[in-house]
Amino acid sequence: MAQTEYIVIRAQEDGVNVIGLTRGNDTKFHHTEKLDKGEVMIAQFTEHTSAIKIRGKAEIHSEHGMVESESRK
């Protein structure tokens, strides 16, 4: 069984959206979550999830390092 990568998302403002996108010929949204300031979500890339889109100010930690997304405002 292949290991899958996890990412940690920490919201730095209320209303951060985390959107899972599918694999396959047509990329589609398959899951959304809304995080408020200080909330943390651990997400995983799977056979169904090929990308994760984050809207709003958040820290994103992965095995590749940390990056910050910018506020939507």
Asks: What are the two closest non-hydrogen atoms of E13 and G56, and how far apart are they?
Replies: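 Between these two residues, the closest heavy atoms are OE2-CA, 3.4 Å.
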Asks: Are V8 and Y6 connected in the hydrophobic side-chain network, where two residues link if heavy atoms are under 4.5 Å apart?
Replies: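 Looking at the clustering, Y6 is in the same group as V8.
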Asks: Are any side-chain N or O atoms of T49 and backbone N or O atoms of A51, one a donor and one an acceptor, separated by less than 3.5 Å?
Replies: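 No; judged by distance alone, with no hydrogens or angles, the pair does not exist.
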Asks: What verdict does the side-chain contact (heavy atoms from CB on, under 4.5 Å) test give for I7 and I42, after you've listed the backbone C-alpha separation in whole Å, the side-chain angles of each residue and the deciding distance to 0.1 Å?
Replies: CA-CA 6 Å; I7 63 169; I42 300 170; over 6 Å; no
Asks: Within a strict 4.5 Å, meaning less than it, do heavy atoms of the R55 and V16 side chains meet?
Replies: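 With C-beta onward as the side chain, the pair stays apart.
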Asks: Could you verify whether a donor N or O on one side chain and an acceptor N or O on the other, from Q44 and E5, lie under 3.5 Å apart?
Replies: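 No.
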Asks: Quick one: are T32 and V18 in side-chain contact, heavy atoms under 4.5 Å?
Replies: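 No, too far: nothing below the 4.5 Å cut-off.
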Asks: Does I19 reach the side chain of I52, with side-chain heavy atoms less than 4.5 Å apart?
Replies: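 The answer is no; the side chains never approach within 4.5 Å.
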Asks: Would you mind reporting whether M41 and L35 have side-chain heavy atoms less than 4.5 Å apart?
Replies: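 Of all side-chain heavy-atom pairs linking M41 with L35, at least one is under 4.5 Å.
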Asks: Please evaluate residues Q12 and E68 with respect to the criterion side-chain contact (heavy atoms from CB on, under 4.5 Å), reporting the C-alpha separation (whole Å), side-chain torsions for both, the decisive distance (0.1 Å), and the verdict.
Replies: CA-CA 9 Å; Q12 294 183 331; E68 289 188 45; 3.4 Å; yes
Asks: Side-chain contact, heavy-atom cut-off 4.5 Å: V40 with I9?
Replies: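 Of all side-chain heavy-atom pairs linking I9 with V40, none is under 4.5 Å.
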Asks: Got a salt bridge between K57 and E70, using NZ or NE/NH1/NH2 to carboxylate O under 4.0 Å?
Replies: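 Looking at E70 together with K57, the answer is no, because their closest N to O distance does not fall below 4.0 Å.
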Asks: Can you give me the closest heavy-atom contact between K37 and D14, atom names plus distance?
Replies: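 Of all heavy-atom pairs spanning K37 and D14, the closest is N-OD1, 2.9 Å.
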Asks: What is the minimum heavy-atom distance between A11 and A58, and which atoms define it?
Replies: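 Looking at all heavy atoms of both residues, the closest pair is CA-CB, 4.2 Å.
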Asks: Apply the test side-chain contact (heavy atoms from CB on, under 4.5 Å) to residues H30 and L21: give CA-CA distance (whole Å), side-chain angles for both, the deciding distance (0.1 Å), then the verdict.
Replies: CA-CA 6 Å; H30 74 80; L21 300 159; 5.6 Å; no
Asks: What's the separation between atom NE2 in H48 and atom OG1 in T22, rounded to the nearest 0.5 Å?
Replies: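 Here the rounded value is 10.0 Å.
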Asks: Is there a side-chain contact between S69 and I60 in this structure, where contact means two heavy atoms from C-beta onward sitting under 4.5 Å apart?
Replies: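 Of all side-chain heavy-atom pairs linking I60 with S69, at least one is under 4.5 Å.
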